[in-house]
Amino acid sequence: MSIRTLTVAGSRRVTLAELGEGPPLLYLHDFIDVHGATTDWLPVHERLAERFHVIAPAFAGCAGSDEDEDAVGPDDAVFHVLEVLDAFGVESIPVVGVGIGGWIAAELAVRERRLVERLVLVGASGLYLPNEPIGDIFFDVQPRNGTDMSDLRRMLFASDASELAHAWIPDGRLALEREVLRYEMFRFAGRIGFRPPYLYDRQLVRRLARFDRPVLVLWGERDRFVSAAHAQAYADGFPDARLWMFAGAGHAVHLECADEVADVIRTFLDSAPQAAAPSRPKHNA
Amino acid sequence: MPPVALFCWHFMAYPYLPDDFDQRYESGWITVPNALWDRERSRGLYQEYIDQLVYGEELGFDGLVLNEHHQNIYGLMPAPNLIAAALTQRTHRAKIAIVGNLLPLRLNPLQVAEEYAMLDNMSAGRMICGFAVGGGQEAFNYDVPAPQSRTEFWEGVDLIQRAWTEPGPFRHEGRHYPLRYVNPWPLPLQRPHPPIWIPGALSIETMGEVAKRGHTFFLSSRSHGPATAAAGKRFAEAVEAAGDRYHPHRFGILISTFVAETDDEARRASAEGVWYFLRNCLKGHLRQHGRVMTFGAGMPTQSVRSWERYLQNTEPGAKMLGDVADWDELAAWGSIYLGSPATVRERLWNLIESARPGYILMQFHFGNMQAEVARKSMHLFATEVAPYLRERSAELYAREYPHAEALARA
């Protein structure tokens, strides 16, 4: 894995991971993800990198990127990403965003619709839906009885019983380096999205109509952090969106169904633009 | 050089939880259902708690201490300034210390500057004005983003001090609280302004910030051992590094105490209140059982570096104060100095001698402790313990800090 530090906006350092050859693809990370929980690539990234040059900047404060003390909301994260893209000089690029990264990807797309060639959202926060609140991940990351992390596992994975969930969110403590990555990710997310609106932007839902390029919305049907109702709202809001729901998967669908997620994304990105048309939700099960 | 100042602190716990609270509820904070609030039994509760503080003045305590917590059963003072307002009219001599108003929870620090200035006038200049960031619970109670709260806090502290000392109107250009007109009426009575106290744990960053502004650092840790003396020493170094001469009245300590005729009687008489306090009031705060909401990744107030230091120095899930199994374990925590006058005298003197605090802020009432039990302990302390501590600390401080005579304020 190639990790380097990019300096943007004159002086701010951004940790950047890159993998693969081919056309560039921007990847924006979530909690259980590269930069959010590990300094390694996940299998889903490796599959994407067989076809694309995956560019994954760490958000401000994460994984060695400088913290942005002035940041107060999603716009600051959007500009963070724009400054990274400026450094690459790209004019148009497909964007994949997971969770919080999906939120920022959607904000980016509705603002810079010529820059975002195609958009893929996976379990993205960002929308306000009445009676479908985004889960309180800040509350659930606090262990029960000192070491029990089952609430966070249940929020981010389909089942607390899964080995994958325990591997990523074990009881007790993580290794120091990963514990610090987690803290930095929560600090970033807290800075831009803790104060209400909680991890969403009330205006975003009506702005989705601006982005008329193809959108793929991927979701774990059992996502308890950002419920599947949000997937439908994203799919309804974009003029040209398709929805792919993974039955039996949770918020961490990009880990739980890594190969299928990568394949669906690759198929979507490879398809000819004109083939894209509004479509009904598809289910893989 | 004045002796150590002895202050009486009341937390104002909710005392009417059901006996099976610990079995049935995860926390005494944030999510503790307020259906448990008993309106009828709580009639007169504030009156009794205020009366206990007034009794503290009668007994000769140098000050009365209040603090701010929200949505919890540990401390029923979401608005300590209201209690302070009552005390200004019921007391005449004792200092009134609020430690402190939680600045990031306020719409604007100017509001705090105004309220404190009112209280200083209403109390004829007896206010000690504390400011605090707020524990992790408050992030959830008021949806305050933890990563910003430190910078909001220090901007607020500096703005308030400036509002009290610089002729208004002036413009404040700040990251969090820009104001075109700062011009509070009234101004505080005390010149240049009331003493400012800032609580902190063991963070060197906080000590440095307090020291360079010339404020008083108050150690909010609930357990005392070698770390307390080390904290005092580190803060003294920070004061000297900021170009000031250190003296004990720049430093305060929170300690809980209970005094009875004998050690055995102290355990017997305090048991109900102390164990209610440890098991219920600390649940959600300083007790692993349940869910700690005071610090962690969910409320990332501390810098990444200080969180990393914390991780390196602690074991996951290690027992906290509220998890202690019995009296002996409790004693080992150095949190509640409990026993006969002789026992409490000795333990407090050891603390004074090693940590050199100018202020000791003492909790006498615990959880659901009966009023007369707390009052008796306060009385024994005031008559059997306090004189000894005052006399010996006056000697010690006069000898060790001869330069401080003119500096000390309390």
Side-chain angles (χ1 to χ4, degrees), chain A residues 31 36-37 59-73 76 133 135-152 155 169-199, chain B residues 26-27 29-31 104-105 135-152 154-155 174-176 283-320 322-323:
Chain A
F31 288 93
F59 285 119
C62 297
S65 287
D66 286 343
E67 212 163 347
D68 179 0
E69 295 249 316
D70 284 315
V72 290
D76 299 296
D136 194 348
I137 194 168
F138 295 90
F139 196 96
D140 281 7
V141 74
Q142 295 296 115
R144 268 178 211 267
N145 301 326
T147 53
D148 176 354
M149 297 299 293
S150 58
D151 286 337
L152 188 65
M155 175 173 279
I169 307 172
D171 288 333
R173 282 224 188 120
L174 303 163
L176 183 66
E177 181 199 52
R178 287 182 59 196
E179 201 65 60
V180 169
L181 282 173
R182 173 189 282 174
Y183 191 80
E184 290 172 334
M185 182 64 197
F186 274 81
R187 228 169 122 81
F188 159 71
R191 209 179 262 290
I192 69 160
F194 187 91
R195 176 171 277 152
Y198 175 70
L199 298 176
Chain B
E26 181 184 82
S27 179
W29 300 69
I30 308 171
T31 53
L105 277 61
Q137 293 87 355
E138 312 307 352
F140 292 86
N141 287 325
Y142 270 53
D143 277 328
V144 177
Q148 286 90 314
S149 58
R150 286 267 165 92
T151 53
E152 289 175 355
W154 286 113
E155 184 181 330
R175 179 187 273 161
H176 303 288
K283 196 172 193 184
H285 177 32
L286 297 175
R287 189 172 173 211
Q288 294 288 12
H289 187 65
R291 196 195 299 262
V292 175
M293 296 302 283
T294 305
F295 54 86
M299 55 294 284
T301 311
Q302 316 178 45
S303 67
V304 173
R305 185 175 297 177
S306 79
W307 181 245
E308 195 169 353
R309 271 201 302 269
Y310 165 80
L311 292 172
Q312 284 164 334
N313 294 325
T314 54
E315 291 297 319
K319 264 191 183 180
M320 301 177 83
D323 299 301

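In what follows, chains are A, B, ... by sequence order, proteins preceding strands, each numbered from 1. Note that the structure is a prediction, hence the values are computed from the model and not measured.
- Most heavy-atom pairs under 4.5 Å with chain A: of the set B/G298, B/G317, B/A146, this distinction falls to B/G298.
- Judged by distance alone, with hydrogens and angles left aside, the side-chain atoms of A/R191 form no donor-acceptor pair with the main-chain N or O of A/G61 at under 3.5 Å.
- Heavy atoms of B/E26 lying under 4.5 Å from chain A belong exclusively to its side chain.
- Looking at A/A71, the atoms closer than 4.5 Å to chain B (heavy atoms on both sides) all sit in the backbone: N, CA, C or O.
- Counted within 6.0 Å of CD on B/Q312, heavy atoms from surrounding residues, nucleotides or ligands total more than 12; the atom is thus considered enclosed.
- Contacts between B/Y142 and chain A at a heavy-atom distance below 4.5 Å are absent for every atom of the residue.
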Exercise for review: Could you walk me through whether A/R195 and B/Q148 pass side-chain contact (heavy atoms from CB on, under 4.5 Å), step by step?
Suggested key: CA-CA 10 Å; A/R195 176 171 277 152; B/Q148 286 90 314; 5.6 Å; no

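- Pairing each heavy atom of B/F140 with each of B/I30, the nearest pair is CB-CD1, 3.9 Å.
- Among A/R173, A/E184, A/E179, the residue making the largest number of heavy-atom pairs under 4.5 Å with chain B is A/R173.
- Most heavy-atom pairs under 4.5 Å with chain A, from the set B/R291, B/K319, B/Q288, B/M320: that is B/R291.
- Looking at B/T301, only its backbone comes within 4.5 Å of chain A, counting heavy atoms on both sides.
- With respect to chain B, the highest number of heavy-atom pairs below 4.5 Å among A/Y183, A/F188, A/Y198 belongs to A/Y183.
- Heavy-atom minimum distance, A/L199 versus A/F138: CD1-CE1, 4.5 Å.
- Neither the backbone nor the side chain of B/A318 has a heavy atom closer than 4.5 Å to any heavy atom of chain A.
- Of the listed residues A/E67, A/E69, A/M185, A/R182, the one with more heavy-atom pairs under 4.5 angstrom with chain B than any other is A/E69.
- When the side chain to side chain donor-acceptor pair (under 3.5 Å) test is applied to A/D171, the partners found at least two apart in sequence or on another chain are A/R153.
- In this structure A/D136 satisfies the side chain to side chain donor-acceptor pair (under 3.5 Å) test with no other residue, sequence neighbours excluded.
- Heavy atoms closer than 4.5 Å to chain A are found nowhere in B/S149, neither backbone nor side chain.
- In plain terms, the two heavy atoms of B/W29 and B/Q137 that are nearest each other are CE3-CG, 3.5 Å.
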